[in-house]
Asks: 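Mind looking over this structure? Questions follow.
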Amino acid sequence: MRALPVISSALEGAVRELGVEQPPNPELIRARNPEYGDYSSSVAMKLARLLRQPPPQIAARLARRLELEPASAEAVGGYLNFRLRTSWLQALVRSAAADEGYGSSELGAGERLQVEFVSTNPTGPLHIGHGRGAILGDVLCRLLDFTGHRTEREYYVNDYGTQAQKFGASLLARLRGEEPPEGGYTGEYVIELAQAARRDLPGVEARPEPEAVAALAEYGAARMVERFRATLGRIGVRYDRWFSERSLWERGTAPAAIERLRQRGYLKQAEGAVWFAPGEEEAGEEVEDRVIFRRDGSHTYLASDIGYLVDRFLERGYRRVIEVWGADHHGYVPRMKAVARALGIDPERLVVILIQMVTLKEGRMSKRQGRFVSLDELVDRLGVDALRYFYLLRSPEAPMEIDPALATAQRFDNPVYYAQYAHARLFNVERTAVETHPGLPADADVSLLQLPWELALAREISFWPDTVEQAARLLEPHRLPYYVHQLAEAVHAFYNAGNEDPALRVVVPDPALTRARLELCRAARNTLRLALGLMGVAAPERM
RNA sequence: GCGCCUGUAGCUCAACGGAUAGAGCGCAUGCCUGCGGAGCAUGAGGCAGCAGGUUCGACUCCUGCCAGGCGCACCA
């Protein structure tokens, strides 16, 4: 049950009846002020010039044509305000209580798409910036699945390039008791990993250098991936596939893709290297040619990425691929789009979400070393639910600052508990109701729901599908926690009425009234459960 | 120098070009033998970085400045 699409199409029809051939988008928005109802539209003002009539007159004419089941229409000045009808809200409560997939839709019409996220080099630990990408990507997938897309989660493992080699060389150096080579990896974890390699690959350091480096590179990448899997698993992030860069070369996908570019005339030979040289049309925003094979014959990351694009769009055939990248990679967006065009792939099918940096605010004593705080450490300090909630609260383009001291100290004031508590509370009410009235009727008479806070809660519940749709359409998961908070607020207000006056509680002497209010509790609880579920945050039955 | 992102309450951040810009934290004042107060109610706090422009209407779109972050490899 949804009001918005009904109102929207009726409004569009009404505008057409006024003789407007191409009606502007009805542009229904959630009314900000309850005085203005629940949804409002400003079409009348947009039509004023076209129809040569003052907006209030147009709004009034439209209102007269709109006799809708979900909502009443009223012209106020140039605005058209819609107020959800009590009868509709009551019916919605029943439907939202019963529907285990309330808010899900077929918006995506089965579109197959891939979301690739985190995909950091397996040469160092995950830090707090990666955590943000992990949660964003994960919730995006949950959201897209919920709205009728067929989503696959993928991690692209850079296990084959220059960096992998350097990592292998660094491990070898540590095994031999030396310092890592110039440009190598120096972290503590390299030493630990070298010790593990001594166990798992006995005598590797004695083998010829290229062979030892290759073996250690492979070993190191595999072990790092294991760690990633464990850390991401801790925060509820799982992948359908860990895709190996190496496999693009072993199966010949990358060379074939590059050959395809050559045949289309987008490669050039210069300064001993092979370059990707898009024509002006393909280049778009990309300004320079880029090396694919270096002078020494080794390939760059771009060479693999060309293969990866072909693999996903032309071989696996995803309709869209959504990439979640750190903002420090924004310069590659035009590059990848140029490659896509050169390969004959519509660049619109490649969607890149850039997430701004995560920094950590520490006391003034310590230098800001935000990016070096490991994700595991942050999980330890915040817990999974709070961590996910906090990450989701920010839109991707907003830089994010975490104050760990505050976040830790606030543990019990965290907004996530506010929502979880609302859920647990509703569960508890249900328990009390069943104990008090062992023989409650199976069906609720929802027409007994009349009080302002009851209808306010029902109204909030009715907005859930709108929220889901908008978040999915705009690829903006951060809308979820804001909705959850509003819903939880309505739940607490509804509950609290019973503290003022026992007659206003859910559990009252009258079984029919109890049953009706219980239905509202169930609708709210179901919606909270679904919303928290999409965020990957627990919806506990007791706390 | 060029490019991308961001400047909104004391702090951290929201709001498909619409009416009086909202939350959380912090602050102030009430409400605890309760269907679990991890809650509720009320309040203070804003010249939306600055200056122009487009529009009936701009926090939102455009231009120019200012400030911060991030990029500009034969690293990924």
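Chain naming here is simple, since letters A, B, ... match the order of the sequence lines and numbering starts at 1 in each.
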Asks: For A:Tyr482 and B:A23, do the ring centres fall under 5.5 Å apart while the planes stay under 30° apart?
Replies: no

Asks: Hey, do the aromatic rings of A:Tyr36 and A:Tyr79 have their centres closer than 6.0 Å?
Replies: no

Asks: When you compare B:G7 with B:G17, how far apart are their P atoms, in angstrom units rounded to a whole number?
Replies: 15 Å

Asks: Report which part of the nucleic acid A:Leu393 touches: base, sugar-phosphate, or nothing (heavy-atom distance under 4.0 Å, all strands).
Replies: sugar-phosphate

Asks: I want to verify a distance call: between B:C74, B:A19, B:G69, whose nearest atom is closest to the A:Trp275 side chain?
Replies: B:C74

Asks: I'd like the C1' distance from B:C61 over to B:U29, given in whole Å.
Replies: 43 Å

Asks: May I ask you to verify if any side-chain N or O of A:Thr300 is less than 4.0 angstrom from the OP1 or OP2 atom of B:A73?
Replies: no

Asks: Can you confirm whether more than 12 heavy atoms, excluding those of A:Glu218, are under 6.0 Å from its CD atom?
Replies: no

Asks: Ignoring backbone atoms, test whether A:Tyr417 places a side-chain nitrogen or oxygen under 4.0 Å from the OP1 or OP2 oxygen of B:A38.
Replies: no

Asks: Would you say the ring centroid of A:Tyr418 lies under 6.0 angstrom from that of A:His492?
Replies: yes

Asks: Which whole number of Å gives the distance between the C1' atom of B:G24 and that of B:U63?
Replies: 36 Å

Asks: If you compare every side-chain N and O of A:His485 against the phosphate oxygens of B:A14 (OP1, OP2), does one of them come in below 4.0 Å?
Replies: no

Asks: Among B:A19, B:A41, B:C74, which is the nearest nucleotide to the side chain of A:Arg295?
Replies: B:C74

Asks: Quick one: do A:Arg525 and A:Glu430 make a salt bridge, cutoff under 4.0 Å?
Replies: yes

Asks: Say we look at B:A21 and B:G68: how far apart would their C1' atoms be, to the nearest angstrom?
Replies: 24 Å

Asks: What is the distance from NE2 of A:His423 to P of B:A38, rounded to the nearest Å?
Replies: 18 Å

Asks: Heavy atoms only, 4.0 Å cut-off, all strands: where does A:Asn121 land among base, sugar-phosphate and nothing?
Replies: sugar-phosphate

Asks: Within this structure, what is the CG-to-P distance between A:Leu480 and B:A15, rounded to whole angstrom?
Replies: 13 Å

Asks: Under 4.0 Å, heavy atoms only, any strand: does A:Thr162 hit a base, just the sugar-phosphate, or nothing?
Replies: sugar-phosphate

Asks: Would you name the heavy atoms of A:His423 and A:Pro540 that are closest together and state the gap between them?
Replies: ND1-O, 2.8 Å

Asks: Report yes if at least one side-chain N or O of A:Arg425 is closer than 4.0 Å to OP1 or OP2 of B:G34; otherwise report no.
Replies: no

Asks: If you measure from OH on A:Tyr156 to OG on A:Ser304, what distance do you get to the nearest 0.5 Å?
Replies: 4.0 Å

Asks: Examine B:C32: is either OP1 or OP2 under 4.0 Å from a nitrogen or oxygen in the side chain of A:Asn499? Give yes or no.
Replies: no

Asks: Does a donor on one side chain sit under 3.5 Å from an acceptor on the other, for A:Asn158 and A:Gln163?
Replies: no

Asks: Calculate the interatomic distance between A:Ile29 atom CD1 and B:U60 atom C1'; express it in whole Å.
Replies: 13 Å

Asks: Find which nucleotide of RNA chain B each of A:Tyr36 and A:Glu288 is nearest to by heavy atoms, and output the residue with the more 5' nucleotide.
Replies: A:Tyr36

Asks: Looking at B:C74, B:C40, B:A14, which one has an atom nearest to any side-chain atom of A:Arg394?
Replies: B:A14

Asks: Measure from CZ on A:Phe276 to P on B:C74 and round the result to the nearest Å.
Replies: 15 Å

Asks: Which part of the nucleic acid, if any, lies within contact of A:Asn33, taking any heavy atom under 4.0 Å across all strands shown: a base, the sugar-phosphate backbone alone, or nothing?
Replies: base

Asks: Would you say the side chain of A:Val321 lies within less than 4.5 Å of the side chain of A:Val351, judging by non-hydrogen atoms?
Replies: no

Asks: Given the P atoms of B:G36 and B:G45, what is the spacing between them in whole Å?
Replies: 38 Å

Asks: Would you say that A:Ile29 contacts A:Ser40 through its side chain, given a criterion of any heavy-atom pair below 4.5 Å between the two side chains?
Replies: yes

Asks: Roughly how many Å is it from CD in A:Glu74 to C1' in B:A19, rounded to a whole number?
Replies: 14 Å

Asks: If we take the C1' atom in both B:U20 and B:G46, what is their distance in whole Å?
Replies: 13 Å

Asks: Roughly, in whole Å, what's the span from OH in A:Tyr39 to C1' in B:C16?
Replies: 13 Å

Asks: Of all the nucleotides listed (B:A73, B:C40, B:G18), which has the minimum atom distance to the side chain of A:Met45?
Replies: B:G18

Asks: Using a distance-only criterion (donor-acceptor N/O pair, under 3.5 Å, no hydrogens), is the base of B:G17 paired with the side chain of A:Lys46?
Replies: no

Asks: For the residue pair A:Phe293 and A:Ala273, what are the closest heavy atoms and their distance?
Replies: O-CB, 3.2 Å

Asks: In whole Å, what separates the P atom of B:U54 from that of B:C59?
Replies: 16 Å

Asks: Ring-plane angle category for A:Tyr160 and A:His299, please: parallel below 30°, perpendicular beyond 60°, tilted otherwise.
Replies: parallel

Asks: Considering only side-chain heavy atoms of A:Thr432, which listed nucleotide, B:C40, B:G36, B:U20, is closest?
Replies: B:G36

Asks: If the glycosidic angle is within 90 degrees of 0 it's syn, otherwise anti, so just tell me which one B:C32 is.
Replies: syn

Asks: Please give the distance between the C1' atoms of B:A9 and B:C2 as a whole number of Å.
Replies: 36 Å

Asks: Within less than 4.0 Å of OP1 or OP2 of B:G22, is there a side-chain N or O belonging to A:Tyr483?
Replies: no

Asks: Any side-chain N or O of A:Arg32 below 4.0 angstrom from OP1/OP2 of B:A19?
Replies: yes

Asks: Is A:His478 touching bases, backbone alone, or none of the nucleic acid, heavy atoms closer than 4.0 Å?
Replies: sugar-phosphate

Asks: What about the rings of A:Phe494 and A:Trp453, do their centers lie closer together than 6.0 Å?
Replies: no

Asks: Is there a side-chain polar atom (N or O) of A:Tyr389 under 4.0 Å from OP1 or OP2 of B:G24?
Replies: no

Asks: Reckon A:Glu500 touches a base, only the sugar-phosphate, or nothing at all at heavy-atom distances under 4.0 Å?
Replies: nothing

Asks: Need one value for A:Glu27: base, sugar-phosphate or nothing, where a base atom within 4.0 Å counts as base even if backbone is also close, heavy atoms only.
Replies: base

Asks: Please work out if A:Gln486 contacts a base, only the sugar-phosphate, or nothing of the nucleic acid, heavy-atom cut-off 4.0 Å.
Replies: nothing

Asks: Donor-acceptor pair under 3.5 Å: do we get one between A:Asn81's side chain and the base of B:A19?
Replies: yes

Asks: Quick one: stems involving RNA chain B, counted as three or more successive Watson-Crick or G-U pairs, both distances short of 3.5 Å.
Replies: B:1-7 with B:66-72, B:10-13 with B:22-25, B:27-31 with B:39-43, B:49-53 with B:61-65

Asks: Applying a 4.0 Å non-hydrogen cut-off, can you work out what A:Leu28 is touching in the nucleic acid: base, sugar-phosphate, or nothing?
Replies: base

Asks: At 4.0 Å (heavy atoms only), tell me whether A:Arg30 reaches a base, stays on the sugar-phosphate, or touches nothing.
Replies: nothing

Asks: Tell me whether A:Tyr79 and B:A19 count as stacked here, given that the ring centres must be under 5.5 Å apart and the planes must differ by less than 30 degrees.
Replies: yes

Asks: What's A:Phe293 touching, base or sugar-phosphate or nothing? Going by heavy atoms closer than 4.0 Å.
Replies: nothing

Asks: Can you confirm whether the side chains of A:Gln356 and A:Arg394 place a donor and an acceptor under 3.5 Å from each other?
Replies: no

Asks: When you measure from the side chain of A:Ser40, which nucleotide among B:G39, B:C74, B:A19 comes out closest?
Replies: B:A19

Asks: Just checking, any donor-acceptor pair under 3.5 angstrom between side chains of A:Glu116 and A:Ser119?
Replies: yes

Asks: What string of B, S and - do you get for nucleotides 1-6 of chain B, 5' to 3', if B is base contact, S is sugar-phosphate-only contact and - is no contact with any protein heavy atom under 4.0 Å?
Replies: --BBSS

Asks: Please state how far atom OH in A:Tyr421 lies from atom P in B:A38, giving the value in whole angstrom units.
Replies: 5 Å

